[in-house]
2 protein chains.
Amino acid sequence: MLEGNEQQLDEIVSSFRRISHAFQQLLWKDAEELEITPTQLMVLRKLSVHPEIGITELAELLHLGNSAASGVVDRMVKAGLITRQRSESDRRSFKLSMTDKGIEIRERSKQSLRRHLLPLSTIPIEDAGELLRIHGEIVKILEQGRDKKKL
Amino acid sequence: MLEGNEQQLDEIVSSFRRISHAFQQLLWKDAEELEITPTQLMVLRKLSVHPEIGITELAELLHLGNSAASGVVDRMVKAGLITRQRSESDRRSFKLSMTDKGIEIRERSKQSLRRHLLPLSTIPIEDAGELLRIHGEIVKILEQGRDKKKL
DNA sequence: AATATATATTTCGCATGCGAACTATTTTAC
DNA sequence: GTAAAATAGTTCGCATGCGAAATATATATT
């Protein structure tokens with residue numbers, strides 16, 4: 001992959017930028033009609049699978065920094081989508097839960113996402129599998145490299 | 001790809017979020033030691049291939065909105081990386097060019113990017129090709145869908 | 001028990017990116 | 001040639017995400 005010249009490297013970088021961008025656009029389309037943002041929708045999704053988690057755990061699930069997670073949570077509390085309650089056992093941390101409004105949007109999002117991913121259904125199932133596999137490889141490599149540098 | 005249940009959809013979305021994130025991290029590592037941001041570095045790259053372009057053209061090359069491009073350019077001018085001169089022929093538009101400082105950073109970035117993409121060289125060359133191909137497919141589909149809705 | 005250290009969260013200043021509303025030119029139409 | 005429509009940029013308010021510094025609470029050390 002690396003013997004490529006300058007232009008091939010640029011192609012790879014551009015491809016990633018572009019795919020990220022295009023996918024982000026799709027997620028916005030999806031979230032827009034629910035009157036919420038993609039990140040906030042993702043928070044609802046995670047919260048429905050992992051209820052009662054704190055901000056640090058949420059940050060890990062979303063691969064975000066703590067400060068970013070804190071900000072999202074703050075805006076979502078203000079928007080009445082989730083609740084932030086001090087934990088009894090550990091008064092440093094919070095327990096996040098969805099409000100009724102949050103639950104409702106999360107439910108509606110199930111159909112919504114499906115509808116917006118529809119155009120992608122023309123992609124052969126093997127390709128989808130390959131994509132996920134290669135993405136997995138890349139993420140593994142990149143996150144490994146990052147952790148190494150931390151030590 | 002679509003017959004999947006809710007959880008598979010979530011996997012796809014998560015994969016994209018994660019790969020985008022990991023790649024963004026890599027680009028930051030790359031740009032950091034050049035004391036510049038990834039987006040600004042990309043501007044320099046584009047400018048070295050397409051000199052004298054205006055802001056709208058730059059925005060298209062980077063797949064950005066005009067306002068975003070305008071902001072980046074503004075910060076780069078302030079940082080002394082590029083120049084923004086009114087065009088003689090069309091006084092609405094600008095001609096962007098790199099300063100000596102910009103050129104120097106862009107030169108140094110060639111080795112830098114190569115070094116940071118090094119960990120990815122363990123990925124088989126076929127996989128890299130497959131990845132670019134599938135990304136291309138997806139982008140085509142997504143951007144097609146977006147354009148349709150515009151009409 | 002007192003001190004040091006670790007953990008959970010917030011706040012700050014920054015860059016990015018969006019869409020919408022606005023200004024200034026240029027082109028098109030009548 | 002003047003009015004209307006298109007085009008190039010900017011500005012605004014917003015949400016996102018970062019890292020670093022701060023606060024509060026919990027745990028470990030001595």
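Remember, it's a predicted structure, so these values are computed and weren't measured experimentally. Naming: A, B, ... by sequence-line order, numbering from 1 per chain.
- Position along DNA chain C of the nearest nucleotide to A:Trp28 versus B:Asp90 favours A:Trp28 as the more 5'-ward residue.
- Comparing A:Arg92 and B:Asp74 by the nucleotide of DNA chain D that holds the closest heavy atom to each, the one mapping nearer the 5' end is B:Asp74.
- There is no side-chain donor-acceptor pair under 3.5 Å between B:Thr39 and B:Thr37.
- Within 4.0 Å of A:Gln24, counting heavy atoms only, lies no atom of the nucleic acid at all.
- Nucleotide C:dT10 holds its C1' atom 10 Å from the CZ atom of A:Arg86, rounded to whole Å.
- Distance CE/B:Met76 to CD1/B:Ile82: 4.5 Å, rounded to 0.5 Å.
- In this structure, CD of B:Glu88 is placed 16 Å from C1' of C:dT26, rounded to the nearest angstrom.
- Nearest-nucleotide mapping onto DNA chain C: of A:Gly71 and A:Arg17, the residue sitting toward the 5' end is A:Gly71.
- Counting only residues at least two apart or in different chains, side-chain hydrogen bond (donor to acceptor under 3.5 Å, both in side chains) contacts with residues 66-84 of chain A comprise A:Asp74-A:Lys78, A:Asp74-A:Arg84.
- Taking atom CG on A:Leu62 and atom P on C:dT9, their separation rounds to 13 Å, with Å as the unit.
- Checking the phosphate oxygens (OP1, OP2) of C:dT25, no side-chain nitrogen or oxygen of B:Ser93 falls inside 4.0 Å.
- Contact between B:Ala31 and B:Pro38 at its shortest, heavy atoms only, is CB-N, 3.7 Å.
- Extent of DNA chain D lying under 4.0 Å from chain A heavy atoms, first and last nucleotide in 5' to 3' order, is D:dA15 to D:dA26.
- Nearer the 5' end of DNA chain D, as judged by each residue's closest nucleotide, is the contact made by B:Asn66, out of A:Ser67 and B:Asn66.
- Between the CZ atom in A:Phe23 and the CG atom in A:Asp30 there is a gap of 9.0 Å [rounded to 0.5 Å].
- Salt bridge status for A:Arg108 with A:Glu35: absent, with no side-chain N to carboxylate O gap under 4.0 Å.
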